[in-house]
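First up is the structure itself, then whatever we jot down about it.
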Amino acid sequence: MQANLKVKRYNPDEPQPRVRYQEYSLDVLESFTVLDALIQVRDEVDGTLALRCSCRASICGSCGMRVNGRAKLACKTRIAELAPNGEQLTIEPMGNHPVIKDLVVDIDTFFNQIRRVDPFIQPDSTPTQGEFIASSESMTNLLGVMNCIMCGACVSDCTVLEVDDKFIGPAALAKAYRFVDDPRDDRSSERLKKLNDEHGGIWDCTRCFQCVEVCPKDVAPMDRIMEMRDMAIEAGNRNTPGYRHTESFIRSVRRHGRLDETRLAVDSIGWTNVPGLLREAPVAMKAFTKGKLPPLFPHKAEGNSAIREIVEKAEGGSK
Amino acid sequence: MYEHDLLIIGAGLAGLRAAVEGVRGGADVAVVTKVHPVRSHSNAAQGGINAPLTDRGDDWESHALDTIKGSDYLADQDAVEIMSREAGEAVIELEHMGVIFSRDDEGRLGTRRFGGQKVARTFFVGAITGSALLHVLYEQAIKYGLRVYEEWFVTSLIEEDGVVRGAVALDLRTGELHTIRAKAVIIAAGGAGRVFEPSTNAIICTGDGLALAWRAGAPMMDMEMVQYHPTTLARTGILMSEAARGEGAYLLNKQGDRFMETYAPEYLELASRDVVSRSEQTEINEGRGIDGNVLLDLRHLGRSFIEERLGYLQEVAVEFLGMDLANDPVPIRPGMHYIMGGIKTDVNGRTEAPGLYAAGECANVSVHGANRLGANSLLDTVVFGRRAARHALEYIKSVNGTSRDESQLEADKARLQALLDRPQGIRSAALRREMAEAMTEGIGVFRDQASMERAETAVRRARDQFANVSVQDKGKTFNMDLMFALELDYVIDCAEAICAGALARKESRGAHYRTDITQRDDENWLKHTLVYKTDEGLRVDTSPVAITKWEPVKRVY
Ligand SMILES: Cc1cc2nc3c(=O)[nH]c(=O)nc-3n(C[C@H](O)[C@H](O)[C@H](O)COP(=O)(O)OP(=O)(O)OC[C@H]3O[C@@H](n4cnc5c(N)ncnc54)[C@H](O)[C@@H]3O)c2cc1C
Ligand code: SF4
Ligand code: SF4
Ligand code: FES
């Protein structure tokens, strides 16, 4: 079958480096992945094309890139599925990572985010003999996050990282969960407190769902972040952006039948916290220029009273 | 110019385990790796890691005997004894570092069965054991603030008066060559699967470490011992872990028969890998295969069991074959997977080149002999990675200062420039593929004098043609084309040693099965083959096998 690729190129070694798109047409097998096709280009057509790859089996995490605008593992993306009739596939480097050359991006930022969560187990003591005893369920539960291969796809498409480079990001937060929820770790509450208080922590995710959708390993970072929010509140982190956020959320839904995101942001930071509010200003500006700022005065949602009733019922039920 | 006490080449399990030991020992340690540590090929290991835990009623002698029997009595028994005795501690230590090993109902480490062993002693994390181990060791590297030269490609070792004193490496990001001086060097640069095509190995497994040590005068040992894994997917060679059979999967031929009943009545699908691969190939050759494959059948295990214990295998089947293990048997066949051979070391990782150590897949201690048991390789990396670092820590105490010589750097600059200056020529990818296909054809599951000679001829041609390889990319930044050419040079070195070892061994043993000499010959060949690279060409030698407790007997599964 025929594969038509349009690849974003960039070479910093050129006297005047510039971004350009290059098209390749290839004869490929039905079973070919995007990576197989790119390797064919590199090996047979154009030896200057730079990309990272190694395992070809979706386990090493090297080959993250954007295919038709979404972050994917090239070795796990079959051409026949996306372009059965030779439709053009646009291949670009991942987002939210500086580009070094062609499809090769700088992964330093990604791993610095990982470092921010103290990504190693911290038990107070280890058994003098044998292993830690831990339930099978607790370990199986962690298997989901251990599946993360650090490919960067979630970071590439995270909408918060696009506007706020202080955000720890989905992969690192999923990594944090791996320790917070590990029964062998004795720093869970410190970890939660830090993730709760810190700018860029668990409360800065907007639940846009991108990381869940693009993750090739079903790690579902957003779900882990939400679990950690619950854990943080349960652990008594009340007078924090997070808790206020939730409070304001409920207030907003009760009052307007919908989410007042402007008020939510300000409530979360605290009305009297001027430095905190100022710190958010650049984020708001960036969001504004990208058309992502919510309206200043919320409109009431239709069926408002019904929503209020639901909220009241839910609150009543939980009391 | 950079300088450290201990330089480790490779950030897979062997390299990182050695590094952690070095840092804990208080030395100034650095790791240089051509890919980010978590991209190392160790992450591909699926099935698990063996350890005979005494509190589970197992004992080191039984693991040692299984290993030695699996090796067809070519493993050095003193080395195997060390590995089996230290295994339990090594696995518990990994658990303490944070590995989320699967558990039993009491919350203790759970096991699965693996080939060539009667006891279930393989510890595992779903079907992502290697990845889970590698990521945890990388966490430890972060914890200790380990210095890592990431995406630096080693082009040469530095030798002074016959002693290894560091390495020269290409920073792929900038295209600059640098000298990294050190009092001792541990090579932990992984395997050489790319000598063959297809292979379960990653694109980065180009035998760099083997070739680097070889060029420094250390011999490669038993390189003819190439493992063909019984269950790989056609075309890509992607692996379906032995864990599938360990958990109860069947192998079926065209008629739907469990053909292993004929070849290994006791162990069935869990006989040692060389035995199962030969059985499959016999079925295929005698017309009982399906398009060159046999079938791996997991249907009777049930969907939920498959998804929990073998999730990654299901993912591979769905993604790469469009098949569902709970509904379909999948076509598989023997595929090149591992080289038991490697740089000869003693039980402390020392090579014959002073100042140079080796550990992991590139080394040959030898614990795998003529056939490696599944899940013994991860064990090998952590046990001998740690031992090599411990010994190196002692050794560096006796070394005064580091080298000041820059001649190797200058030589490498000239070598790379010559490659870049060659205006037109052969592409390295095409040359590698041609040679690697000939290697698979000539040094396969079955081999004979003529087939091995054909492989050798192809390798010689590749060596000659290498002089005409050119790179299209003339730039500095991430010049992968240049790196592939340098890797091909290493690949050809390894292929030369494999052919020399294979042609030397005039018997059938383990993975080295000759259809023209089908018997094992303990009288003449209970020996290791050694291949040296010298200025006059290759030199083949032999050395005795260490036999301590277990006299060689005929292998029956
Ligand atoms: C698909 C598959 C499944 C497997 N499953 C199992 C299993 O279940 N159980 C088991 O015990 N074994 C298994 N094995 C074998 C086992 O995974 C490997 O033998 C082992 O992980 C090798 O580890 P290593 O540290 O020696 O090398 P690797 O993990 O391969 O690391 C090599 C390192 O060297 C670096 N390097 C190489 N060349 C250079 C250079 N020129 N310059 C700088 N750095 C360099 C690389 O960047 C890398 O960091 C499996 C192997 C494969 C292929
Ligand atoms: S859900 Fe949260 S973490 Fe995930 S991509 Fe969206 S903002 Fe980022
Ligand atoms: S969470 Fe998923 S997408 Fe993100 S780095 Fe890990 S594997 Fe990749
Ligand atoms: S090449 Fe390893 S994940 Fe794609």
Side-chain angles (χ1 to χ4, degrees), chain A residues 11-14 29 31 33 36 39 42-44 46-62 76 78 100-102 104 107 111 114-115 118-121 123 126-127 129-136 138-140 142-143 146-150 178-179 182 184-185 217, chain B residues 35-36 38-41 43-44 53 55 92 95-98 100-110 125-126 128 130-132 135-136 139-140 142-143 173 175 202-204 235-236 238-239 308 311-312 315-316 319-320 427 429-430 433 471-481 484:
Chain A
N11 180 1
D13 297 335
E14 285 170 3
L29 298 175
S31 59
T33 62
D36 291 329
I39 290 177
R42 184 174 81 178
D43 285 356
E44 292 169 21
D46 186 347
T48 68
L49 179 67
L51 65 135
R52 288 194 187 96
C53 60
S54 178
C55 69
R56 297 164 299 151
S58 70
I59 194 71
C60 76
S62 305
K76 206 184 171 180
R78 295 253 289 276
I100 297 177
K101 179 180 176 185
D102 297 338
V104 176
I107 50 175
F111 284 98
I114 299 286
R115 278 194 194 87
D118 296 330
F120 40 84
I121 193 164
T126 44
Q129 258 204 326
E131 66 272 41
F132 284 99
I133 302 299
S135 74
S136 175
S138 65
M139 292 290 122
T140 309
L142 290 177
L143 199 55
M146 262 330 277
N147 256 327
C148 172
I149 54 171
M150 305 207 168
R178 180 238 169 291
F179 298 102
D182 191 322
R184 299 167 299 176
D185 191 276
K217 289 282 157 183
Chain B
V35 296
H36 185 281
V38 302
R39 312 287 183 235
S40 300
H41 192 53
N43 59 21
L53 290 191
D55 63 358
I92 293 297
E95 197 275 333
H96 289 176
M97 286 179 183
I100 55 155
F101 283 112
S102 299
R103 307 275 155 163
D104 62 17
D105 292 340
E106 273 95 63
R108 304 185 335 148
L109 303 188
V125 183
I128 55 161
S131 172
H135 282 255
V136 163
E139 291 165 14
Q140 296 294 305
I142 292 180
K143 174 175 160 189
R173 178 115 177 222
I203 293 170
I204 55 172
R235 194 181 77 77
T236 56
I238 290 176
L239 180 79
E308 188 181 318
Y312 176 71
E315 185 184 322
V316 167
E319 294 298 329
F320 296 92
R427 297 299 309 281
R433 178 167 284 274
V471 297
Q472 283 181 348
D473 193 340
K474 308 293 182 191
K476 285 246 171 214
T477 313
F478 260 92
N479 190 336
M480 309 300 258
D481 208 15
F484 294 148

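Treat the numbers as computed from the prediction; the structure is a model and nothing was measured. Proteins come first, then strands; the chains are lettered A, B, ... in the order of their sequence lines, and each starts at number 1. We use all heavy atoms of the structure for the numbers below, so side chains are in, but hydrogens, waters and symmetry mates are not.
Only the side chain of A:Arg184 comes within contact range of chain B, with heavy atoms under 4.5 Å apart. Of the two parts of A:Asn147, the backbone and the side chain both hold a non-hydrogen atom closer than 4.5 Å to a non-hydrogen atom of chain B.
Annotation: maximal heavy-atom pairing with chain A below 4.5 Å, among B:Gln140, B:Lys143, B:Met480, occurs at B:Lys143. The candidate from B:Arg433, B:Glu139, B:Lys474 with the greatest count of non-hydrogen atom pairs under 4.5 Å with chain A is B:Glu139. Of the residues considered (B:Ile238, B:Thr477, B:Ile204), B:Thr477 shows the highest number of contacts with chain A, using heavy-atom pairs under 4.5 Å. Contacts with chain A were tallied for B:Glu308, B:Glu95, B:Gln472, B:Arg173; B:Glu95 has the most, counting heavy-atom pairs under 4.5 Å. Ranked by heavy-atom pairs shorter than 4.5 Å toward chain B, the options A:Ala50, A:Gly130, A:Ser135 are led by A:Gly130.
Rounded to the nearest 0.5 Å, atoms CG (B:Asp481) and OG1 (A:Thr48) are 8.0 Å apart.
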Discussion item. If you apply the rule side-chain contact (heavy atoms from CB on, under 4.5 Å), what do you find for B:Arg108 with A:Glu131, and how did you get there?
Written reply: CA-CA 7 Å; B:Arg108 304 185 335 148; A:Glu131 66 272 41; 3.1 Å; yes
Worksheet item: Between B:Asn479 and A:Asp13, does a side-chain contact (heavy atoms from CB on, under 4.5 Å) hold up when you go through it step by step?
Response: CA-CA 11 Å; B:Asn479 190 336; A:Asp13 297 335; over 6 Å; no
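Note on ring orientation: taking the six-membered ring where Trp is involved, the planes of B:His36 and A:Phe111 are parallel (angle under 30°, cut-offs 30° and 60°).
Side-chain atoms of A:Arg78 come within 3.5 Å of backbone N or O of B:Glu319 as a donor-acceptor pair.
The side-chain hydrogen bond (donor to acceptor under 3.5 Å, both in side chains) check on B:Glu315 picks up A:Ser58, A:Lys76, A:Lys217, with sequence neighbours excluded.
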